[in-house]
Amino acid sequence: MVVLGPAVSAGVRRRRGARVQVGSSHGEEPFVVPGPGPPTKEHHISEPRINDRIRVPEVRLVGPNGEQVGIVRVEDALRLAAEADLDLVEVAPMAKPPVAKLMDFGKYKYEAAMKAREARKNQVNTIIKEIKLRPKIDAHDYGTKKGHVVRFLSAGDKVKVTIMFRGREQSRPELGFRLLQRLAEDVAELGFVESSPKQDGRNMVMVLGPTKKKSEARAQQRRMKDEAAQAEAVEAQTPQTETTEVESTEVQADQVEQAPASESTSQA
């Protein structure tokens with residue numbers, strides 16, 4: 001163990017950066033003991049290198065339409081890119097020599113972002129809904145629960161149906177099995193039994209899968225919304241036409257009534 005004197009210990013200062021500054025209080029210059037600094041962060045390049053960022057002597061150049069130009073010096077490739085008003089983009093940096101292509105980099109990034117957006121839009125996330133029932137459920141509650149199952153299956157979601165047993169009901173699991181079979185038969189047009197009824201402690205569980213994929217269900221819902229919007233638009237226009245026809249009929253009737261009155265006046 002090293003014990004520092006009062007003159008030296010007075011100049012010891014510890015900071016959060018794992019460095020120790022040692023010095024004295026008598027005007028001596030402090031010296032720094034190096035230590036392990038904060039961990040450095042690795043910077044990963046997510047975008048390809050373009051134009052002046054390409055630091056290789058030569059590249060295998062590909063034209064804007066995919067034609068092979070060959071191996072050229074990077075200066076010549078940059079000159080060709082400037083003449084064509086395009087960017088020189090390094091598309092395969094690990095190749096020997098690296099492969100670079102002439103393209104509009106801004107347009108390329110925009111198209112890549114749109115493709116990624118469409119991919120996320122068409123991505124289907126599997127969602128499992130859950131419905132809980134009791135073995136001795138009454139008819140009204142059963143109809144309500146079945147309506148929820150129908151709605152979930154129509155939307156393309158899976159449904160986990162759980163029968164909860166309490167007290168002496170645990171000695172009669174056949175009640176829950178029959179109820180699950182009944183529910184599966186009632187929604188057979190919209191879903192199928194993906195996981196047969198199984199006893200799980202005090203509960204009995206069955207999983208129903210939709211017959212339609214989620215993407216198809218979404219497309220059908222969009223079609224139905226569009227048809228409903230078109231029907232509303234037609235209904236909104238129909239009363240105006242009828243009102244116009246009624247007004248024109250009333251004007252014609254007034255003209256017919258006024259015509260005999262004018263004739264009698266002229267005769268007089």
Side-chain angles (χ1 to χ4, degrees), residues 46 110-247 249:
S46 58
Y110 173 76
E111 292 177 352
M114 292 300 295
K115 289 180 180 178
R117 182 179 178 183
E118 289 295 329
R120 289 193 300 268
K121 183 178 179 181
N122 297 328
Q123 185 179 4
V124 177
N125 298 324
T126 303
I127 300 177
I128 300 180
K129 305 290 187 177
E130 185 174 5
I131 291 293
K132 294 183 178 181
L133 307 175
R134 294 294 305 277
K136 297 181 180 180
I137 187 171
D138 58 4
H140 182 269
D141 292 342
Y142 174 79
T144 303
K145 299 288 186 178
K146 185 181 74 172
H148 294 326
V149 174
V150 169
R151 179 164 51 88
F152 295 149
L153 293 175
S154 300
D157 297 325
K158 295 183 179 181
V159 182
K160 177 182 177 182
V161 186
T162 303
I163 304 295
M164 301 180 298
F165 296 95
R166 293 182 181 177
R168 297 183 180 180
E169 295 175 349
Q170 300 179 34
S171 61
R172 302 195 61 186
E174 66 275 5
L175 296 177
F177 186 79
R178 293 173 187 171
L179 183 59
L180 292 177
Q181 281 186 330
R182 175 187 172 189
L183 181 61
E185 292 175 357
D186 292 343
V187 298
E189 296 181 358
L190 300 174
F192 61 93
V193 178
E194 186 174 294
S195 178
S196 301
K198 296 179 181 179
Q199 190 76 26
D200 183 15
R202 295 184 178 182
N203 302 328
M204 184 175 288
V205 179
M206 178 183 68
V207 178
L208 297 174
T211 54
K212 293 183 180 180
K213 296 182 180 180
K214 199 172 185 68
S215 57
E216 296 177 357
R218 287 180 178 177
Q220 185 177 2
Q221 289 179 357
R222 292 195 195 101
R223 269 196 315 272
M224 293 176 64
K225 288 182 179 179
D226 294 341
E227 292 176 356
Q230 292 177 0
E232 290 179 358
V234 171
E235 290 178 358
Q237 294 177 358
T238 303
Q240 296 178 359
T241 306
E242 292 179 353
T243 305
T244 305
E245 293 178 355
V246 171
E247 290 178 354
T249 305

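Reckoned from all heavy atoms, side chains included, excluding hydrogens, waters and symmetry mates. Quantities reported herein were computed from a predicted structural model and do not represent experimental measurements.
Listed by chain and number, the residues in a side chain to side chain contact (heavy atoms under 4.5 Å, CB included) with R166 are R134, E169 (sequence neighbours excluded). For E174, the side chain to side chain contact (heavy atoms under 4.5 Å, CB included) test picks out R172, R178, with sequence neighbours left out. In this view, Y142 and D186 satisfy the side-chain hydrogen bond (donor to acceptor under 3.5 Å, both in side chains) rule, not counting sequence neighbours. Contacts of T162 classified as side-chain hydrogen bond (donor to acceptor under 3.5 Å, both in side chains), with partners at least two apart in sequence or in another chain: E130.
The line from CG of L208 to CG of L180 is 8.5 Å long, rounded to the nearest 0.5 Å. Atoms CZ and CE, on F177 and M204 in that order, are 7.5 Å from each other to the nearest 0.5 Å. Distance check: I163 CD1 to L183 CG gives 8.0 Å after rounding to the nearest 0.5 Å.
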Just distance, no hydrogens or angles: give the donor-acceptor pairs under 3.5 Å from side chains in residues 144-151, sequence neighbours left out.
from : atom 1 : to   : atom 2 : distance (Å)
T144 : OG1    : H140 : O      : 3.2
H148 : ND1    : R151 : NH2    : 3.2

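In this structure the side chain of L179 never reaches within 4.5 angstrom of the side chain of P135, judged on heavy atoms. Side chains of V159 and L153 form a contact here, defined as non-hydrogen atoms less than 4.5 Å apart.
Among pairs with a residue in residues 189-209, those fulfilling side chain to side chain donor-acceptor pair (under 3.5 Å) read K158-E194, at least two apart in sequence or across chains.
At most 12 heavy atoms of other shown residues, nucleotides or ligands fall within 6.0 angstrom of atom OH in Y110.
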